[in-house]
Amino acid sequence: MAATLEHLKYYRLPWNYADNGISWLEPTTKCNLRCEGCYRDLNGPGHKTIEEVRADLEVFRRLRKSDCMSIAGGDPLVYPQILELVKMVKEMGWKPIVNTNGVALNETLLGDLKKAGVFGFTFHIDTSQKRPNAHATTEDELNETRLHYAEMLARVGGIACSFNSTVSEKTVHEIPSMVNWAQKHADIVHTMVFILYRSPTLTGDFNFYANGKKIDIGATYKETAWGGSRTLMAGDAVEKIREADSIYEPAAYLNGTAKPDSLKWLLASRIVLNGETMGYVSPNFMELVQTFTHLFTGTYLAYAKPKSIARGKLASFLGGMVDKKMRSIFVSILGRMFSNPLNLFRPAYLQSFMIIQPVNFEMDGRQDMCDSCPDITVHDGKLVWSCRLEEMNDHGVFLTSVPK
Ligand code: SF4
């Protein structure tokens, strides 16, 4: 049964349209994999020129602040000028985050990307992909592939490491294995993101219109058997995370544009010492981090340096001065240090979980999007939802849905 969550117990992230943690850049539609349920038409326009990419970045610079720039696609590592692009993003003031399936990444390219200024990677790895040389059929088996990339980054050092996995009705039961795996590797795995599969088959209750004209939604979004036939909600993923870690508790969220109580982005961070969860940070702690970061840097925080992530002891100590929940984490850490003095010298790591629920439909036809969408991109000089870019490409507008 899906967990019941009360959004008002959590901290509403202060991100908004003009001032956000994240922005989303797409230099290419080309990719070296084909994931089930991918939002993008990989036969689309292909690589943008570096001048076109710069023009997109100028649009962001004019319209929106953000901590980082997610460089996505397609797969950005097949973009021929990826090094120049990463350097440009850094020089223009954002943390460059490469969102990739990792297939094209090797130690040499990683070293070059580090020199160019890459801040972090988000690896998209899940069973919706047919990865070359990987015969994994379960998420559990894919943990080996995840570890390969986490270790590669750790060897170079100083690079944030996140993993994205799309989860569907058919794979949601595998979340516990990913949560347990992440706990074991909290020193090198900083964030796990579970993206709930958006199934076009579930739009059968609606007709879709572009500029007042009825259109065939199936021409824009393809159906896939991998996705199952049920829309997952954040509570489904929470229930599965709690199977692996019973004390899991979210701290912050973004609501929906149609429903204030839908949890479109749900963020939790745990502090892990010697492979054991000491507790989950409180909503107050999240608020302090966002507020102080914005005060001192001018942007809200989305990606932290690995060095800061290893300061779970300090975070619980400082947070504990003003918040009971953080104090209890600090007390647990002290307990572990008394029972095993080696823990005095071991860092405690902050590790985050994000659950993302893309568009879903209300019975009256309203489409519930992420209010204050972080993954907003540029289309034709304007900011648009990246998850629905294909609608702009195909029809020049976002589709409206009307109940049948
Ligand atoms: S609205 Fe779409 S693009 Fe924006 S964060 Fe949500 S899923 Fe991502």
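Given the structure is predicted, the values throughout are model-derived calculations rather than measurements. Whatever order the structure lists ligands and atoms in, that order sets their numbers, starting from 1. Just so you know, these numbers use all the heavy atoms, side chains as well, and skip hydrogens, waters and symmetry mates.
With respect to Asp364 and Arg366, a salt bridge is recorded, a charged nitrogen being found less than 4.0 Å from a carboxylate O. A salt bridge between Glu58 and Arg61 is present, with a side-chain N of the basic residue lying under 4.0 Å from a carboxylate O of the acidic one.
Contact analysis leaves Trp24 out of contact with ligand 1, as no non-hydrogen atom separation drops below 4.0 angstrom. Residue contacts with ligand 1 include Met369, since one or more of its heavy atoms lies under 4.0 Å from the ligand.
Listed by atom number, the atoms of ligand 1 under 4.0 Å from Pro358 heavy atoms are 7 (S). Against a heavy-atom cut-off of under 4.0 Å, Pro374 is close to the following atoms of ligand 1: 5 (S). Within ligand 1, counting atoms from 1 as listed, the ones closer than 4.0 Å to a heavy atom of Ser386 are 3 (S). Near Trp385, the atoms of ligand 1 lying under 4.0 angstrom from a non-hydrogen atom of the residue are 1 (S).
Between Tyr253 and His7, the ring planes lie perpendicular to each other; the angle is over 60°, past the 30° to 60° tilted range. Using cut-offs of 30° and 60° on the angle between ring planes, the pair Phe163 and Trp181 is perpendicular.
Within the 2.8 Å limit, Cys387 places no N, O or S atom next to atom 6 (Fe) of ligand 1.
With sequence neighbours excluded, no residue forms a side chain to side chain donor-acceptor pair (under 3.5 Å) with Ser162.
Remark: of the listed residues Arg146, Glu139, Glu174, Arg146 is the sole one forming a side-chain hydrogen bond (donor to acceptor under 3.5 Å, both in side chains) with Ser165.
For atom 5 (S) of ligand 1, the closest non-hydrogen atom of the protein is Trp265 NE1, 3.4 Å.
The ring of Phe285 has its center no closer than 6.0 angstrom to the ring center of Phe330.
Looking at Gly256, Cys370, Cys373, it is Cys373 that brings a heavy atom closest to atom 4 (Fe) of ligand 1.
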